[in-house]
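Taking it in order: structure first as structure tokens, then the write-up.
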Amino acid sequence: MNQNPLLRVNNIEVVYEHVILVLKGVSLEVPEGGLVALLGANGAGKSTTLKAISNLLRAERGEVTKGVIEFMGNRIDRKDAAEVVRRGIVQVMEGRRKFEHLTVEDDLLTGAYSRRDTHLVKKDLDLVYSYFPRLAERRNVKTGYISGGEQQMVVIGRALMARPKLMLLDEPSMGLAPLLVQEIFDIVVRLNREEKVAILLAEQNAAMALQVARYGYIMENGRLVLDGDADTLRDNEDVREFYLGLTEIGKKSYRNVKHYKRRKRWLT
Amino acid sequence: MIFAIEVAIGGLLVGVMYSLVALGFVLIYKSSGVFNFAQGDMTLLAALALVGFLTIFPLWLAILAALVLMIALAIAIEAIVLRPLVARPPLALFMATIGLGFFLQGIGQGIWGTDPKGLDIGISDIPFKIKGLLISQFDLAGGALAGGLVFALVWFFQKSRTGRALRAVSDDHEAALSVGIPLRRAWAISWAIAGLVALVAGIMWGSRLGVQFSLSLIALKALPILILGGIDSIPGAIIAGLVVGASENLAEVFLGPYVGGGIQTFFPYLLALVVLWFKPYGMFGREIIERV
Amino acid sequence: PPNPGQAQEQYVPCLIYRTGPFAPGGSGVGGGWEDYMELINMKGGVNGIKYKYEECETAYDTARGVECYERVKPKNPAYIHPMSTGITYALLDRSVRDKIPLVFMGYGRADASDGQVFPWAFTFPTNYWSQNTAKIKFIAQQMGGMDKLKGLKIANLHIDIPYGQETRPLLEKMSKMYGFEVRHFPVPWPGIDQKAQWMDIVRRYNADWVINRNWGVSCTVPLREAARLGFPRDRIVGVWWCGSEEDVLPAGPAAKGYYSANFNGVGQDFPVIQEIIEKVYGAGKGNLSITRVGTVFYNRGVVTGIAMDEAIRTAHKKFGVKPVTGEEMRWALENLNITEERIKEIGAEGLMPPIKTSWKDHEGGGWVRFQQWDGQKWVPVGAWVAPMREFVREEVEKSAAKYAKEKGITPRTSEALK
Amino acid sequence: MNKKNGNPMLQVEDIHITFGILKALNGVSLEIHKGEILAIIGPNGAGKTSLVNVINGVYHPSRGHIFFEDKDLTTLSHHHIASLGIARTFQNVALFKGMTVLDNIMVGRNLKMGSNFFSQGIYWGFAQKEEIRHRQEVERVIDWLEIEHIRKTPAGMLPYGLQKRVELGRALAAEPKLLLLDEPMAGMNLEEKEDIARFILDANEELGTTIALIEHDMGVVMDISDRVVVLDYGDKIGEGTPEEIRNNEKVIKAYLGTARQK
Amino acid sequence: MIYRECGVFKANYRADMAIFPIPLDRWGVIIILFIAFVVVPFSASDYWLSSILIPFLVFSLAALGLNFLTGYAGQLSIGHAAFMAVGAYISLILYGRYEVPLLLSLLGGGLVTAAVGAVFGIPSLRIKGFYLAVSTLAAQFIIQWVLTHWEWISGGVFGTVDTPPMQVFGWPIDTPVKKYYLVLSVVVPLTIFGKNIVRGQLGRAWMAIRDMDVAAEIIGISLFWNKLLAFTVSSFYAGVAGGLITFTYYGAANIEAFNIMVSFHLLGMIIIGGMGSVLGSFFGGGFITLLPIFINQFAHAFGTVLKTDLLACLELILFGGLIIFFLIVEPYGLARLWRTGKDKLRLWPFPY
Ligand SMILES: Nc1ncnc2c1ncn2[C@@H]1O[C@H](COP(=O)(O)OP(=O)(O)OP(=O)(O)O)[C@@H](O)[C@H]1O
Ligand SMILES: Nc1ncnc2c1ncn2[C@@H]1O[C@H](COP(=O)(O)OP(=O)(O)OP(=O)(O)O)[C@@H](O)[C@H]1O
Ligand SMILES: [Mg+2]
Ligand SMILES: [Mg+2]
């Protein structure tokens with residue numbers, strides 16, 4: 001990609017609990033204002049990659065043992081997670097990590113914790129409510145009690161409250177109703193276009209992800225196996241079959257999937 | 001009847017003094033989810049330090065110095081104990097605080113010795129009579145202090161930005177990290193506040209019992225208050241303190257003679273069990289949210 | 001025959017507790033005891049044999065106490081002071097099997113004063129039951145005669161563990177004998193809060209006298225509570241474990257006037273204490289901080305040292321000068337006779353009562369002394385008080401017989417051990 | 001493929017649940033027929049999970065009744081309901097994180113096991129035979145779900161998708177009559193969804209398990225379900241075959257949306 | 001490769017489900033048992049037998065009991081020493097006053113304790129987590145109170161029950177070696193029994209409750225029975241341990257030997273040793289009972305440099321410090337450390 005990316009991940013290795021090697025040399029870049037998708041099967045290491053960038057790894061007893069992560073030209077792989085947020089990277093973790101005893105509104109407000117411009121916080125809160133009207137209705141309920149999808153809205157909204165330069169989204173569409181999935185992706189695109197927030201998106205919904213992203217990486221087993229422009233990827237035969245569910249004859253039905261296994265070509 | 005009232009009032013006042021210790025537990029639990037068994041030992045250490053400083057400084061300076069020490073301790077605990085144990089099972093942290101307790105006992109007694117020391121902060125403990133009831137200035141001071149602390153702390157947790165951040169930390173510290181809340185500072189702050197509370201409790205109890213090892217045992221009296229009021233409720237600590245104080249004394253005086261006495265230690269636990277049966281998170285504790 | 005080339009040593013293990021809630025007692029008594037041995041060493045040892053004393057920290061914990069005992073056992077100690085009631089119980093059997101005399105001065109079980117059932121246990125110079133009879137006598141004295149006991153209301157405020165409960169039956173018996181009334185007020189461990197008990201004692205029961213049978217912080221609390229309720233402190237008399245400087249100082253002015261029992265003198269005004277200060281502390285070999293020399297617990301330790309030292313001398317007389325074994329020590333402890341003259345010689349006049357034991361009587365006198373806190377220091381009150389010997393002895397034998405039955409022991413009938 | 005019908009296995013009658021002022025379920029009734037796959041869909045917060053929770057006794061309705069094979073479930077305790085043959089999976093994976101995958105699935109068979117305490121402790125005779133017998137059953141499930149390689153891994157260490165699969169295994173191990181699946185495919189990629197779809201269909205076709213399924217992926221719902229029920233903020237707004245639902249105006253407005261339909 | 005699992009193929013599930021599926025483990029256990037039963041009694045000194053090994057084994061047994069409750073079933077208890085006390089008093093009373101044979105007295109003590117434990121387990125049906133933990137202190141205080149106030153138990157003024165000389169099947173148990181054998185022959189079978197329990201249906205049910213009780217119940221595990229059973233089994237072990245330690249170590253049942261500190265120590269054992277691990281209970285039992293002793297002996301080396309009262313404080317500092325240290329090194333306990341070590345050996349020389 002270009003010479004001066006916003007984020008550069010260079011050949012990192014990640015080890016959990018000092019023994020479990022999960023990422024085996026991952027390199028990727030997110031350009032200024034870019035929207036990059038990261039695809040891969042379960043357990044491929046997408047979340048781990050995102051956590052390596054935001055440095056939430058340490059809280060899970062993982063560490064980057066090799067390689068470099070740079071953000072706006074500075075190394076951040078040794079920085080404290082809070083410091084990384086202050087520099088403008090916010091991650092939306094998978095698994096709906098809400099603060100269950102906080103009300104929806106308080107939860108959203110924690111997102112603004114490291115912001116200096118406190119007077120603008122109120123405005124952003126309204127913005128989030130306009131994105132997710134359902135949350136406005138439930139603003140005084142503890143997030144532990146709201147439905148799964150509502151929780152997902154809270155954590156995304158919370159990340160927005162931080163006004164990041166780069167947002168790491170880990171499966172934002174998970175568990176959301178189709179209508180809302182569309183909305184979330186619309187919001188992502190809007191953020192990216194209008195607010196110039198760069199986005200790194202780990203998604204299972206490959207079809208959606210490749211529709212909005214401009215560039216994509218595909219990950220298997222802790223390695224990047226394929227990358228390219230979204231269009232190129234969409235035309236890749238394996239991607240079409242394994243990620244988009246399209247075969248030569250068109251979309252196949254779940255009912256007709258047989259127990260056959262065709263090996264992905266990049267997996268050897 | 002007047003006797004019963006007297007017993008009850010005496011109990012209420014002593015209950016508030018226990019609440020001071022219970023508050024320390026609540027603070028740390030509320031803000032980092034750690035059940036700090038070293039709270040009693042922190043109380044002891046604070047009192048020991050204060051008495052130590054009193055030999056060289058005037059009272060106000062000694063209190064200040066002891067406070068500085070407690071803050072330094074909080075920072076050290078964060079760096080040495082909590083940080084390496086981040087995201088560990090709560091029980092490991094609980095055990096670490098038991099270890100910390102031994103450690104602080106050793107340090108405190110090693111530096112300042114094991115013999116009991118008197119501590120006089122100049123508030124009279126001799127009661128005066130109001131309408132036939134004995135009330136001591138000391139108890140009133142204790143009550144006022146506890147009340148003041150509770151108001152300040154409730155405000156801090158519910159209204160301030162840092163307070164909200166601390167509550168977030170206790171729910172999910174990884175998620176708190178992800179929104180940029182610096183865990184280290186959060187923990188250091190909450191332990192420092194708990195250190196402050198320990199100092200207050202240490203002063204009050206130290207001047208009553210003398211500064212000696214047994215101060216650390218007051219924690220045992222604070223525990224039933226804790227579960228009765230709710231492990232994470234600041235007002236709960238005070239209210240339960242009142243309930244426990246009054247009821248255990250009434251029980252000992254009016255029930256004790258029938259069963260052979262000596263029941264005031266476990267009576268609060270029985271009371272707490274009854275209440276917990278109906279409200280499993282104490283009178284004011286927040287419930288554990290279990291949604292499936 | 002003693003080997004002249006090799007210095008001979010008498011090994012003495014000190015089970016001690018220097019930390020925890022009762023540390024003042026453990027470190028105080030232990031320190032005084034060790035200092036006395038140090039003094040003897042500096043003066044050339046017991047008949048030329050030097051003490052080799054060694055501490056083992058029990059932390060007042062029974063399990064650790066037993067471990068200490070087992071650890072020092074191979075080094076052939078001539079005797080053991082368990083220094084805690086819990087540990088005493090755990091060691092009673094072992095000491096019999098291992099033939100090591102167990103000496104518990106002023107704690108442990110009172111009925112062990114009966115040498116017929118407890119050949120290896122020694123309770124001199126006195127035990128809790130003797131103490132309580134002396135206390136009643138003392139109260140009577142203060143009131144102006146034994147007949148004044150009639151109708152008196154005595155509150156027995158005791159820590160609610162076996163140690164505290166132990167004297168209840170005895171007091172009840174005496175109340176029948178002398179016509180006073182006694183009520184027990186148990187204080188649950190750790191006894192930080194005794195508001196209910198005190199309200200009851202003062203407001204409802206209207207006690208005339210209070211017996212303060214506590215331990216550690218629970219000794220101090222009653223003084224505060226009494227002051228708050230306006231109960232006169234000179235109507236409280238404490239057990240000897242509630243009668244140290246450490247017990248009253250934290251209570252501040254509230255402690256003034258409070259009485260307690262003791263079986264040793266207080267202060268530094270004894271020649272032997274002066275000698276310790278001069279020689280031992282002068283040479284920097286003291287085992288405690290000098291400020292504590294002369295305190296109740298410290299002096300109790302010195303008395304311990306003297307008594308044990310005298311016993312070793314007694315053994316030397318019978319078995320020759322050499323390191324004494326447990327069995328020899330047992331004989332000596334049973335034939336101990338520390339007279340007034342000897343006490344004067346040692347420079348401990350007033351510091352300790354005379355002790356004379358026999359194979360039957362392991363208590364050896366049972367003298368108790370009372371003292372009063374004048375706000376600054378403990379002041380002895382009156383002379384040494386003799387307990388109600390016969391009464392106590394009767395109780396001791398009854399209780400020991402019950403123990404013998406439970407344990408399947410046949411009490412011995414002569415000095416000889418079977 | 002029209003074996004379904006017959007009398008309803010489960011009847012939900014006029015269920016009401018409120019949380020504070022919120023009416024999570026407002027008089028919902030539906031039926032599940034023996035042998036069918038029923039999909040429950042609806043916007044987030046519509047009350048789908050709450051409905052499942054009512055069925056297996058986590059929430060007790062303020063009004064209404066639930067009958068399973070003509071037995072009233074409304075007042076029974078959770079584990080009693082389970083013992084009638086209703087198993088489920090959870091929206092937010094509820095595996096036993098500290099236990100291995102094998103143990104997790106073995107727990108699923110708990111209701112089927114019954115050796116007594118002492119023979120378990122001595123591990124001789126009946127207890128041993130029983131353990132081995134159940135282990136064989138569990139291994140069948142493991143084989144079938146293709147999770148042999150993680151058999152001895154603690155469940156908490158698995159990636160999300162695999163956890164969901166293990167959870168399905170745990171539910172299947174109980175050999176339930178009725179299986180309630182709460183978003184079994186959330187967070188999976190296409191390939192894995194295909195796998196799970198296959199497992200669901202197999203369970204339904206080969207074992208005859210009746211299945212109720214909450215899912216947001218319309219592709220899956222349309223393809224594998226026999227009937228669809230649509231909830232919208234406490235109310236049932238639609239019911240019918242996938243075809244009917246796809247064209248139901250109300251459903252499109254509340255849930256499906258129109259744009260970007262593939 | 002020294003320690004390996006691969007290459008060892010299990011022909012059937014029966015083999016895979018044996019108590020020690022890996023041959024090397026099996027051999028390890030056999031060797032340990034051989035050492036325990038044959039080598040130790042003939043080589044260890046009385047000191048080692050009676051004040052290191054016996055307390056170590058018995059406290060490990062008590063810790064194992066607590067581990068069932070806390071480590072497996074997830075019910076935190078900090079009143080467990082009181083259950084040991086119940087076992088101690090009851091078994092001594094049975095043996096001393098009613099002349100029940102020794103082993104049966106131990107069993108009886110265990111059973112009575114189990115019943116008491118079940119009663120104190122009732123709150124766990126409603127109360128959870130640290131609330132439950134603190135409530136279990138009620139057991140500590142109430143039992144302590146009952147034992148000292150009920151004269152039938154304490155037997156009068158000293159609050160203590162003494163034992164007559166011990167014998168099993170007519171053999172006097174009077175030397176440390178014999179006591180050691182007595183302990184061993186109770187601890188080993190109970191440990192095997194416990195291991196079988198926790199790896200079977202009951203153990204799985206407990207762990208399920210520990211990890212997520214709502215889900216466990218929905219799956220069909222009765223919280224009521226399993227929690228109460230956890231309390232019962234756990235207090236049974238505590239009761240037997242209490243009786244055993246009193247018979248072989250303390251000599252007389254005295255409440256002070258089972259104070260609240262002992263409860264904390266038991267909890268410390270399973271946390272340091274490893275929650276939910278049978279082996280961990282033994283590691284933890286060793287750590288907490290022996291560490292102070294070793295520290296004390298080690299500190300004595302400094303006896304000449306440091307003042308004695310500082311030494312005692314130094315012990316506390318070291319003890320506390322080491323607890324924290326080990327938790328930091330391995331928050332899941334020594335047993336996990338052990339396993340990681342084994343894993344490394346197994347995979348050596350390829351660390352990943
Ligand atoms: N805390 C941890 N300790 C040990 N291993 C871990 C830990 N977290 C993740 N792993 C392992 O790392 C690998 C990658 O996990 P990761 O969560 O990054 O995958 P993912 O691509 O995000 O998968 P998914 O799509 O399921 O979210 C998995 O095999 C997982 O088991
Ligand atoms: N225990 C509870 N306390 C308070 N409110 C609750 C509780 N359980 C559910 N709710 C509320 O009830 C509504 C329905 O929740 P439910 O979980 O059933 O939704 P859902 O249809 O499963 O949504 P999703 O698709 O997002 O999972 C939500 O608004 C939720 O906030
Ligand atoms: Mg992931
Ligand atoms: Mg749901």
Side-chain angles (χ1 to χ4, degrees), chain B residues 2-4 6-8 10-11 13-15 17-18 102 105-106 108-110 113-120 125-127 129 134-136 138-139 205-218 220-221 245 248-254 256-257 260-267, chain C residues 17-28 158-161 164-165 183-200 202-205 216-221 224-225 227-230 244-255 288-289 291-292 295 297:
Chain B
I2 192 104
F3 175 62
E6 244 174 32
V7 172
L13 289 169
V14 80
M17 297 269 291
Y18 290 131
F102 285 120
Q105 276 171 24
Q109 298 182 78
T114 50
D115 46 318
K117 297 155 193 69
L119 170 62
D120 187 1
D125 200 7
I126 305 300
K129 262 201 161 116
L134 290 171
I135 293 186
S136 111
F138 189 89
D139 285 342
W205 277 103
S207 56
R208 177 169 269 187
L209 300 180
V211 175
Q212 55 174 313
F213 178 87
S214 301
L215 283 183
S216 65
L217 299 175
I218 299 172
L220 290 179
K221 299 287 290 193
E248 68 171 13
N249 281 290
L250 288 171
E252 181 69 41
V253 168
F254 293 104
I263 62 172
Q264 95 228 57
T265 303
F266 69 78
F267 186 81
Chain C
Y17 45 100
R18 286 184 179 269
T19 52
F22 310 123
S27 59
H158 68 80
I159 187 95
D160 201 17
I161 54 175
Q165 297 164 343
R183 233 185 88 185
H184 310 289
F185 295 86
V187 175
W189 183 86
I192 290 166
D193 173 25
Q194 304 176 16
K195 189 160 246 129
Q197 284 81 358
W198 275 94
M199 287 277 195
D200 209 353
V202 178
R203 294 279 177 180
R204 198 162 63 171
Y205 181 56
V217 72
S218 57
C219 292
T220 310
V221 175
R224 285 269 181 170
E225 292 292 347
R228 293 157 65 91
L229 291 171
S244 71
E245 289 79 358
E246 289 86 351
D247 293 317
V248 290
L249 278 173
L288 267 187
S289 88
T291 49
R292 294 185 65 191
T295 61
F297 285 144

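Below, chains carry the letters A, B, ... as their sequence lines are ordered, and counting in each starts from 1.
For chain C, the option among B:Gly106, B:Ser207, B:Gly256 with the highest count of heavy-atom pairs below 4.5 Å is B:Ser207. The residue among C:Asp247, C:Asp193, C:Leu249 with the most heavy atom pairs within less than 4.5 Å of chain B is C:Asp193. With chain C as the partner, the residue from B:Met17, B:Arg208, B:Glu248, B:Gln109 showing the most heavy-atom pairs under 4.5 Å is B:Arg208. When each of B:Gly245, B:Pro257, B:Gly110, B:Gly262 is scored by its heavy-atom pairs under 4.5 Å with chain C, the top score falls to B:Gly262. Across B:Ala251, B:Gly113, B:Gly210, the residue that shares the most heavy-atom pairs under 4.5 angstrom with chain C is B:Gly210.
Of the atoms belonging to C:Ala227, heavy atoms from both backbone and side chain fall under 4.5 Å from chain B. Contact of B:Ser216 with chain C is not made at all, since no heavy-atom distance falls under 4.5 Å. Residue C:Trp189 touches chain B through both its backbone and its side chain, counting heavy-atom pairs closer than 4.5 Å. At a 4.5 Å heavy-atom cutoff, the contact between C:Thr220 and chain B is made by side-chain atoms alone. Looking at C:Arg228, the atoms closer than 4.5 Å to chain B (heavy atoms on both sides) sit in the backbone and in the side chain alike. Neither the backbone nor the side chain of B:Leu250 comes within less than 4.5 Å of any heavy atom of chain C. Only the side chain of B:Gln212 has a heavy atom closer than 4.5 Å to any heavy atom of chain C.
Partners of B:Trp205 according to the ring pair (Phe, Tyr, Trp, His ring centres under 6.0 Å) rule, which considers only residues two or more places apart in sequence or in another chain, are B:Tyr18. For B:Phe213, there are no ring pair (Phe, Tyr, Trp, His ring centres under 6.0 Å) partners, not counting sequence neighbours.
Under 3.5 Å, the side chains of C:Asp160 and C:Gln165 contain a donor-acceptor pair of N or O atoms. There is a side-chain donor-acceptor pair under 3.5 Å between B:Gln264 and C:Gln197.
Proximity of a side-chain donor or acceptor of C:Gln194 to a complementary backbone N or O of C:Val187 within less than 3.5 Å is not detected.
For the pair C:Arg203 and B:Phe3, the cation-pi criterion (under 6.0 Å, within 45° of the ring axis) is not fulfilled.
Looking at heavy atoms from C-beta onward, C:Leu288 lies in side-chain contact with C:Arg18 at the 4.5 angstrom threshold. Considering only heavy atoms from C-beta on, B:Ser214 stays 4.5 Å or farther from C:Pro190 through its side chain.
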